[in-house]
Amino acid sequence: MKDAKKFLLVAQWVFVNYPIFSQAHHSLVIHEIMADPSPAVQLPAYEWIEIKNNSKEPIQLLGWKLVVGTSVSGSFPTYLLLPDSLLIICSSSAAMAMKNYGNTLAIASFPLLSNEGETISIRAPNGRTNHAVTYSPILYGSAWKQEGGWSLEMIDSRYPCWSPDNWLASIDNKGGTPGRINSHTGTSIIPATIKPTRAYAIDSTTITVVFNRPLDSASSVQASNYVFNNAYSPKQIRVAAPSYTQAIVLLDKPLLPDTIIKIDIKNMMDCEGGKMSESIPVYTGLASTAQKSSLYFNEILFNPRPNAYDFIEIGNKSKQLIDLSTLLISSRNSAGMMGTAYKIAETPLLLFPGELLAFTEDTLSLKREYLIPFLAKIAEVKQLPLLPDEEGTLVLLNIHGEIIDELHYYDSWHFPLLQSTEGVSLERIDRDAPTNTATNWHSAASTEGFATPGRKNSQEKLDLTPTAEYEVVPRVFSPDGDGWQDYCQLLYKTNQNGLMACITVVDAAGRTVRQLIPQALLATAGYFTWNGNNEQGQVCPPGAYLFIIQQFDLKGKTKTLRVPIVLTTSFRKV
């Protein structure tokens with residue numbers, strides 16, 4: 001009885017002297033996250049988070065809640081968290097094991113932490129979000145740590161709203177530091193200026209602008225900080241909770257589909273008071289559904305190096321704005337049956353006319369393996385279809401299941417003199433030529449690192465106009481895989497419709513080395529490509545060659561033309 005009275009007196013003193021919750025934003029922060037505990041390194045295989053009292057006052061946790069995505073935990077029990085103190089939050093089933101590592105609090109209905117990423121927030125008893133963190137596998141930094149057993153740690157608690165800049169996988173040999181100082185404490189982070197990263201239209205009158213860090217609520221709702229072209233104006237602006245990284249802008253008039261608009265963003269402040277130093281433009285518009293041939297397969301890596309990943313690149317050759325979250329990628333098996341289709345983007349992301357996008361299961365691996373410019377558009381997907389090393393079929397579909405492009409690739413399309421095709425991508429030469437033509441694909445150049453994800457292909461078609469009836473460009477070419485004139489183009493233009501042509505490549509002795517085009521109906525202008533291979537798929541020896549062109553029409557009129565070409569494997573680049 002005496003103990004009960006003593007507890008009530010202490011509790012009364014606590015509630016009088018310390019509020020039930022702290023009013024200061026970021027006074028209580030999420031400090032460490034164990035979302036994928038298996039396979040365990042040295043810690044118990046339970047999910048947990050660590051919180052920190054980031055203020056100078058004790059915080060009474062009674063009534064607080066943990067929110068993960070749309071799941072909300074039960075209310076925290078009574079617990080007084082002292083300044084600069086850490087507390088492990090977990091389920092009742094995990095509490096006994098986690099108490100061995102530090103102060104632990106079990107809460108009812110501890111939400112499941114997704115391995116794929118989620119937004120976690122701490123909600124005060126008044127319903128206000130005090131701190132939120134959006135985590136994802138990419139924050140781990142190392143692909144092997146994404147497999148499980150490693151926690152994510154906040155680097156510097158002075159900047160709690162700087163996510164994802166302020167998070168890394170633990171480097172502690174146990175896999176995490178629950179109840180202890182984080183292994184990255186003392187590591188400096190470089191303060192980055194707040195800036196918009198992208199924007200997309202939810203509907204014809206609503207635009208979402210996404211920022212790299214949480215926004216200051218006052219500056220983010222000022223209409224004067226959003227300057228539109230095309231005479232649009234913001235009618236209302238709000239910031240989306242709980243991450244506060246998205247400004248939702250309601251327009252004064254509807255957008256027209258596929259019309260690109262520019263928004264100059266200025267004077268924005270982040271949650272720590274950092275202000276934009278200059279105006280930054282962001283482009284957006286109302287996307288439309290991708291149509292057949294509006295997108296195309298542009299590059300594919302199906303035989304990556306060890307510990308690397310496949311990638312696929314698509315391009316937009318239309319005038320459409322296409323939302324990548326409405327696109328699916330699938331494959332066909334040897335029987336021609338289509339397999340599981342996977343989304344290219346989980347959230348809206350626009351692909352503008354003329355843009356390329358490379359997507360893979362691990363963007364960090366892609367950046368490690370190949371040269372990728374800062375402005376290149378790359379995306380990480382949860383899963384790609386299986387890409388066999390010998391041959392396979394890829395299918396690009398829109399959200400309605402309509403096929404946009406389809407590629408049946410072969411390893412034999414690679415340059416034959418390569419000692420190994422491991423880590424070498426196949427690049428499309430001409431985006432307007434048929435997808436499944438072998439001569440429209442070539443190994444990426446060695447001088448470009450054997451792949452060009454997110455940037456112009458090293459083997460892209462030369463944009464030339466013939467000056468004669470038949471013309472070869474270049475006249476001397478060197479098919480050695482280095483990206484410099486690895487193939488030649490036989491350009492043509494005709495003065496009439498209905499012309500047919502057979503094209504043969506012969507050597508200096510008049511021997512046929514390649515039946516390049518057995519028979520083709522010519523357009524009014526076009527080209528044919530020769531990569532220097534003979535009928536057996538081997539590169540021809542250096543020397544002089546001739547294109548023999550036998551041209552005829554339906555009236556029986558024939559004409560034979562000869563166009564010289566020189567092949568060399570020792571062509572000097574100057």
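In this chain, residues are counted from 1 in sequence order.
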Could you check whether atom NZ of K195 has more than 12 heavy atoms from other residues, nucleotides or ligands sitting under 6.0 Å from it?
no
Measuring from L328:CG to N398:CG, what's the distance to the nearest 0.5 Å?
8.0 Å
Donor-acceptor pair, side chain of N229 and main chain of K262, under 3.5 angstrom:
yes
Between CD1 of I404 and CD1 of I322, what distance do you get to the nearest 0.5 Å?
7.5 Å
Here the pair of heavy atoms bringing P196 nearest to I265 is CG-CG1, 3.8 Å
Quick one: does N130's side chain have a donor or acceptor within less than 3.5 Å of a partner on S27's backbone?
yes
Any carboxylate oxygen within less than 4.0 angstrom of a Lys/Arg side-chain nitrogen, looking at K174 and D172?
no
What is the ring orientation for Y370 with F311, classed by angle as parallel under 30°, tilted 30 to 60°, or perpendicular over 60°?
perpendicular
Using side-chain heavy atoms (C-beta onward) and a distance below 4.5 Å, is T360 in contact with E369?
no
N267 side chain to N225 backbone, donor-acceptor under 3.5 Å:
no
Gap separating the CD1 atom of I372 from the OG1 atom of T363, nearest 0.5 angstrom:
8.5 Å
Please indicate whether N307 has more than 12 foreign heavy atoms, meaning atoms of other residues, nucleotides or ligands, lying under 6.0 Å from its CG.
no
Check whether N53 reaches the backbone of L81 with its side chain - one donor and one acceptor, N or O, closer than 3.5 Å.
yes
Parallel, tilted or perpendicular: which describes the rings of W441 and W413, with under 30° parallel and over 60° perpendicular?
parallel
Identified side chain to side chain donor-acceptor pair (under 3.5 Å) counterpart of D405 within the set N298, N436, T435
T435
Taking N457's backbone N and O only, do any of them form a donor-acceptor pair with R428's side chain (distance below 3.5 Å, no angle check)?
no
Compare all side-chain heavy atoms of I344 with those of L396 and state whether any distance is below 4.5 angstrom.
yes
Measuring from atom CG of D270 to atom CZ of F211, what distance do you get when rounded to the nearest 0.5 angstrom?
11.0 Å
Looking at I181, I'd like to know if its CD1 atom is crowded, meaning that more than 12 non-hydrogen atoms belonging to other residues, nucleotides or ligands lie closer than 6.0 Å.
no
From the list L113, T134, V67, side-chain contact (heavy atoms from CB on, under 4.5 Å) partner of I120 resolves to L113
S73 side chain vs P111 backbone, donor-acceptor pair below 3.5 Å:
no
What is the minimum heavy-atom distance between I171 and H184, and which atoms define it?
CG2-CE1, 3.8 Å
Give the table of side-chain donor-acceptor pairs shorter than 3.5 Å for residues 276-285, with sequence neighbours excluded, one pair per line with atom names and distance.
residue : atom : partner : partner atom : Å
T284    : OG1  : A199    : O            : 3.1
T284    : OG1  : Y200    : N            : 3.4

Test applied, salt bridge (Lys or Arg N to Asp or Glu O under 4.0 Å); reference residue, E355; option that passes from K377, R455, K456:
K377
Does P385 have any side chain to side chain contact (heavy atoms under 4.5 Å, CB included) partners at least two apart in sequence or in another chain, and if so, which?
I329, S331, Y342, L394
